[in-house]
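When a ligand or atom number is given, it counts from 1 through the structure's own listing order. Only this structure's heavy atoms are used, side chains among them; waters, hydrogens and symmetry mates stay out.
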Amino acid sequence: MLIGPGGVGKGTLARRLVEADDELWLSRSWTTREQRPGERGDEYHFVDRARFEDAINEGRFLEWAEFHGNLYGTPMPDGPAHADVLLEIEVQGAEQVRARRPDAVVFLILPPSMERLEARLRLRGDDDEHVADRLSSAPAELEKGHQLASHVIVNDDLERASAQILSILEELRQLRRNPSSKD
Ligand code: 5GP
């Protein structure tokens, strides 16, 4: 899982990771949020609240959470059997996944500074109110994020941050293939 405050670059990082690593499969979330101007239509499965609530009742989500007035959820993963599933989600959802899958690995992605975070939120076209809302929840997300994180990555440079994650994944796979190599 990639977690961290909105605007930290998790989405770009997630796309970079699946491009670079054939064994990673990126889950596509459902959301009731409106599509942002300029946002690609395949970033999410955009649905209305009634449809989302039906899917909750049908037990279709691995996890779901309400974030700033919108629902977000991970459908039960249906990627290739051999693949490692990559989720890009907020902290309440990450806690639920951890409870179901204690072996899940959590990368907390940090901005280089709060100023850079704010600048990125503005760049992606959120209005002032949304930017202020998201910045106000960042400290709590970071605190919970630190509790959950297996690894903390500063996203100051996309290539550097993704290389760091890929190398950790490689080590973890090595351990999974050969658990005794830990000793
Ligand atoms: P945004 O509206 O900026 O795309 O996403 C808001 C937050 O929801 C981000 O922190 C993003 O990682 C998170 N998010 C995206 N998909 C999911 C999901 O399926 N489940 C949960 N719990 N959070 C998600």
Stepwise salt bridge (charged side-chain N to carboxylate O under 4.0 Å, His left out) test for E43 and R33
CA-CA 12 Å; E43 300 261 331; R33 160 166 88 57; over 6 Å; no

Answer yes or no: is there an ion pair linking K144 with E95, defined by an N-O contact shorter than 4.0 Å? yes

For ligand 1, protein residues within the heavy-atom limit of under 4.0 Å are K10, S29, R33, R36, Y44, E63, A65, F67, Y72, G73, T74, E88, I89, E90, G93, R124, R134

Tracing side-chain contacts under 4.5 Å among Ile, Leu, Val, Met, Phe, Trp and Tyr outward from L135 reaches L2, V8, L13, L17, V18, L24, L26, L86, V105, F107, I109, M114, L117, L121, V131, I153, L158, I165, L166, I168, L169, L172

Do you see a donor-acceptor pair shorter than 3.5 Å between the side chains of D133 and H130?
no

Contacts satisfying salt bridge (Lys or Arg N to Asp or Glu O under 4.0 Å) that involve residues 109-118 (not counting sequence neighbours) are E118-R122

May I have the list of side-chain donor-acceptor pairs in residues 74-83 shorter than 3.5 Å, sequence neighbours left out?
unit_1	atom_1	unit_2	atom_2	d
T74	OG1	E63	OE2	2.4

